[in-house]
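None of these values were measured; they are calculated from a predicted model. Computed over heavy atoms, backbone and side chain alike; hydrogens, waters and symmetry mates excluded. All ligand and atom numbering here is 1-based and tracks the order in the structure.
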Amino acid sequence: MRPFDYVRAADVGTAIAAVRERPGGAFLAGGTTEVDLVRQNVLRPDLLVDINDLPLDRVEDLPDGGLRIGALARMSDVARAPGVAERFPMVAQSLLLGASPQLRNMASMGGNLCQRVRCSYFRDAVSPCNKREPGSGCAAIPGFHRGHAVLGTSDKCIAAHPSDAAVALAALDAVVRTRGPDGERGIPIDDFFLLPGDTPQHERALRHGELITAIEVPAVPVARRSVYLKVRDRASYEFALVSVAAALDVRDGAVAEVRLALGGVATKPWRARAAERSLLGGPATADAFGEAAAHELAAAEPRPLNSFKVELARRTAVRALAMLTEGAER
Ligand code: SF4
């Protein structure tokens, strides 16, 4: 491990200025991924600015029915917050299905959105990897890519986005609040995560020294009836092969409102807008759910070892939506 400087920031402005001044500077929150990657020489900061003392850990119900999650709120605290579990169950479930209890107690929500991909070639610090060393190639494309993405890929990178919570937040049109050298801004979550394209080293729309301060979830009444379904190789402490965040409102047998996002299959949390459009106003049946999911997945570009994900994603979406129709008729 390379030596680096460490400072503990007492306020947001100091933290931002400290990182901004050093091109190799980075923020440190829970450290559950970042410290591993520093140890493995995948990340090479020359300064870590510890932000754990900053007052950014509150989870607040907003008067309009929305939610404001401080960037330093821990995953387990957010999952347990009554306003989250009751009004946004897909968010609570996505958090409880991520990582392990110990990690959930440490990992922050801002860090969760900033966690790096699980591609083993990225993490071994030696294989060709355009994300770690731009221009070096992608070892996963001709290599072992069973867990990699089928949507939003490029010929430079096919790594699947790793966060579960981000998938639920994408379904809810969350906004990432930041503060940086140029002031404050709100970034719609769809714009916050970047597709790899020709520059897979850029994963998020954050500038150097820009700090996530909160995640805001707007009021989404349909989210009271929502679910996060995760399919993985083992029952705990494992990343998704496929996941689905779904919310559904059915009236007179027809879909009155629907939210759908996919995880584990795409290079960013994948809002399934094509599927949503095809479902809206139509029958709330398994056949319609399957057709809508297939419509969304028509854009998939599977490779030899991950082609199973296309059918698995279709079936998982059908199952999630069907779970929400049980007793839903109004
Ligand atoms: Fe690197 Fe992306 Fe290729 Fe993995 S899939 S080796 S992260 S470029």
Checklist line | Check ion pair R116-E203 (N to O, under 4.0 angstrom) | finding: yes
Check: Looking at R273 and D190, does any basic side-chain N land under 4.0 Å from a carboxylate oxygen?
Finding: yes
Checklist line | Check: T178/E210 side-chain N/O donor and acceptor closer than 3.5 Å | finding: yes
Next item on the list: Inspect the surroundings of CZ in R8 and state if more than 12 heavy atoms from other residues, nucleotides or ligands are less than 6.0 Å away.
Entry: yes
Margin query: With a 6.0 Å cut-off (strictly less than), is the heavy-atom count around OH of Y6, excluding the residue itself, greater than 12?
Written below: yes
Checklist line | Sub-4.0 Å heavy-atom approach of K156 to ligand 1 | finding: yes
Side-chain polar contacts of residues 191-200 - donor-acceptor pairs under 3.5 angstrom, sequence neighbours left out - could you list them?
none

Note to self: Inside 2.8 Å of atom 4 (Fe) of ligand 1 but strictly below it, how many protein N/O/S atoms are present?
What the structure shows: 1
